[in-house]
2 protein chains.
Amino acid sequence: MAQRAPAAPLRGDDLTAKARIRNAALDLFAEHGVDATPLRAVATAAGVTVGLIVHHYGTKETLREAVELAIVERFADTIRSVPIDGAAGGDVVAGRDHAVADMLAASPAVVDYLRRAILDRSGERGDLVSRLSELSAQQVNELRDAGLVSARHTVGEQVVTIMVRQLGRLFLQPLVDRIADEFADELDGTAAPQLVVTVSR
Amino acid sequence: MAQRAPAAPLRGDDLTAKARIRNAALDLFAEHGVDATPLRAVATAAGVTVGLIVHHYGTKETLREAVELAIVERFADTIRSVPIDGAAGGDVVAGRDHAVADMLAASPAVVDYLRRAILDRSGERGDLVSRLSELSAQQVNELRDAGLVSARHTVGEQVVTIMVRQLGRLFLQPLVDRIADEFADELDGTAAPQLVVTVSR
DNA sequence: TTGGATGCTGTACAAATGTATAGGAATGGC
DNA sequence: GCCATTCCTATACATTTGTACAGCATCCAA
């Protein structure tokens with residue numbers, strides 16, 4: 001690899017087999033969980049054979065790491081898409097908030113994968129949640145330096161608030177939908193109940 | 001089986017091997033997930049051999065169902081422990097709410113199992129969430145008939161509220177704790193942030 | 001053109017795991 | 001005491017799954 005693949009799209013039509021494998025893995029890992037996803041299923045979905053997965057990623061664990069790295073990248077790209085010197089004027093904080101929310105809404109697989117990651121792999125250092133927390137913290141610090149966000153609370157508190165507000169609702173919504181479904185006949189006309197998640201100290 | 005085991009305790013010291021297997025399965029399923037828990041691990045934890053699990057439960061799936069049934073039973077028992085003709089006077093609704101909260105706080109395995117069940121097995125009929133919803137609905141109807149609870153909202157809405165308030169907080173708390181942990185140094189003196197989950201229409 | 005690197009396939013294999021089964025030990029009714 | 005039933009162990013087996021590897025195809029630089 002020379003310098004960096006020239007603006008390689010994370011999703012698209014004419015991807016390298018390596019990228020297709022990573023994308024297929026994200027989808028399947030998100031839907032069924034990592035353990036319940038045989039590499040052969042990933043291979044089939046990506047239109048390749050198991051051997052190629054091993055060739056590119058070595059082990060399933062490495063593939064999982066690549067998937068998680070891609071997720072972190074997607075968050076980072078989304079945040080970067082709303083630059084701090086907002087020519088678009090107005091509230092950078094709200095803008096980034098919306099951008100991330102839109103990204104998550106458009107990528108159910110990311111949400112599903114995250115939900116599982118928080119479940120199964122909590123406690124291990126250097127994992128996905130750690131990296132996302134770090135990303136959030138960076139962002140908070142950046143905004144603080146620019147004076148765009150108050151320093152009344154600690155960075156930690158602000159990170160918790162951001163992540164839980166964003167992710168919490170998405171994680172619990174399946175439960176709500178599930179129950180609402182059981183009583184579909186009653187709730188028929190009305191919209192499904194929505195969740196509000198807040199953090200208190 | 002004659003009529004019903006005479007007040008067989010769900011937890012205790014001198015349990016039958018069958019019960020020990022079920023309890024060990026709950027603990028391990030909760031901690032690692034059903035798929036990631038070999039029957040041999042359950043056997044070891046219960047102090048028996050794999051063969052006996054097969055003898056008593058036939059398949060892993062049946063064992064899982066027994067575990068879920070035991071969970072539903074525990075909810076039902078907890079609710080029953082606060083009878084509707086409350087000699088203890090006062091608010092039956094609040095009393096049951098507290099009883100369930102206490103039970104969940106005392107049984108982390110139940111919470112963990114539920115968290116996984118909602119994640120992994122959402123969408124299947126006749127599963128745990130359905131049964132718990134049903135149990136809640138029964139309770140709501142019972143309290144309605146006794147005039148202890150308003151009929152302003154639909155039963156469905158009330159069930160969603162009950163279950164999400166109770167379970168939502170518990171499900172999300174690991175995420176909060178996890179992130180709070182990353183910033184442990186900052187948040188040191190202060191208590192970990194707490195969640196509030198509400199449902200809006 | 002040639003040679004080496006890279007992408008890719010098909011097959012093979014060992015470990016893990018759910019399930020089946022043969023048989024021994026314990027237990028309770030007669 | 002004896003028999004049937006239940007409880008329980010040990011072993012075996014088929015399947016699944018991660019990984020290894022040998023070899024063919026493709027491509028690019030020299």
Side-chain angles (χ1 to χ4, degrees), chain A residues 1-6 8-9 12-68 70 113 116 120-121 124, chain B residues 1-6 8-9 12-68 116 120-121 124:
Chain A
M1 216 166 283
Q3 295 268 75
R4 182 185 249 267
D13 213 16
D14 49 354
L15 295 172
T16 66
K18 191 172 180 181
R20 285 205 317 275
I21 291 169
R22 178 171 39 66
N23 289 343
L26 170 57
D27 289 341
L28 292 173
F29 288 175
E31 192 177 348
H32 304 108
V34 177
D35 282 346
T37 304
L39 285 184
R40 283 160 177 84
V42 176
T44 304
V48 300
T49 58
V50 218
L52 193 60
I53 298 182
V54 176
H55 174 69
H56 280 304
Y57 293 98
T59 71
K60 193 179 187 180
E61 173 66 13
T62 315
L63 173 58
R64 199 186 50 71
E65 279 167 23
V67 167
E68 300 203 344
Y113 186 93
R116 290 182 186 280
D120 281 333
R121 305 179 42 76
E124 308 193 20
Chain B
M1 217 167 282
Q3 295 269 75
R4 182 186 249 266
D13 214 16
D14 50 354
L15 296 172
T16 66
K18 191 172 179 180
R20 286 205 318 277
I21 291 169
R22 177 171 39 66
N23 289 343
L26 169 57
D27 289 342
L28 292 173
F29 288 176
E31 193 177 349
H32 304 108
V34 177
D35 282 346
T37 305
L39 284 184
R40 282 159 178 85
V42 176
T44 304
V48 300
T49 58
V50 217
L52 194 60
I53 297 182
V54 176
H55 173 71
H56 280 305
Y57 293 99
T59 71
K60 194 179 187 180
E61 174 66 14
T62 316
L63 173 59
R64 201 186 48 72
E65 279 167 23
V67 167
E68 300 203 345
R116 290 182 185 280
D120 280 335
R121 305 178 43 78
E124 310 192 20

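Per chain, numbering begins at 1; letters A, B, ... match sequence-line order. Heavy-atom basis, side chains included; hydrogens, waters and symmetry copies ignored.
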Please confirm whether the shortest side-chain N or O distance from A/His56 to OP1 or OP2 of C/dC8 is below 4.0 Å.
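So the side-chain polar atoms of A/His56 do come within 4.0 Å of the phosphate oxygens OP1 or OP2 of C/dC8, strictly under.
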Separation of [N] [atom2] from [X] [atom1] (nearest whole Å):
| X | N | atom1 | atom2 | result |
| --- | --- | --- | --- | --- |
| B/His55 | D/dT6 | NE2 | C1' | 6 Å |
| A/Asp35 | D/dG18 | CG | C1' | 12 Å |
| A/Leu52 | D/dA22 | CG | P | 18 Å |
| A/Ile53 | D/dC21 | CD1 | P | 18 Å |

Where do A/Arg20 and A/Val48 come nearest, in terms of heavy atoms and distance?
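A/Arg20 and A/Val48 have their closest heavy atoms at NH2-CG1, 3.8 Å.
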Working to the nearest 0.5 angstrom, can you tell me the gap between B/Leu26 CG and B/Glu68 CD?
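The distance works out to 10.0 Å.
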Roughly how far apart are A/Lys60 NZ and A/Asp35 CG, rounded to 0.5 Å?
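The CG atom of A/Asp35 is 6.0 Å from NZ of A/Lys60, to the nearest 0.5 Å.
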What nucleic acid atoms does B/Val48 come within less than 4.0 Å of, heavy atoms only: base, sugar-phosphate, or nothing?
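Contact class for B/Val48: sugar-phosphate only.
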Base, sugar-phosphate alone, or nothing: which one does B/Thr37 contact when heavy atoms must sit under 4.0 Å apart?
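Result for B/Thr37 = sugar-phosphate.
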Taking the side chain of [X] as its heavy atoms from C-beta onward, which of [options] lies nearest to it?
| X | options | result |
| --- | --- | --- |
| B/Leu39 | C/dT9, C/dT19, D/dA10 | C/dT19 |
| A/Val54 | C/dT9, D/dA20, D/dT9 | D/dA20 |
| A/Arg40 | C/dA12, C/dG7, C/dG18 | C/dA12 |
| A/Lys60 | D/dT9, C/dC8, D/dT19 | D/dT19 |
| A/Ala17 | D/dT9, D/dC8, C/dC8 | C/dC8 |

With a 4.5 Å cut-off on side-chain heavy atoms, are A/Tyr57 and A/Lys18 touching?
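Result yes, sub-4.5 Å side-chain heavy-atom pair found.
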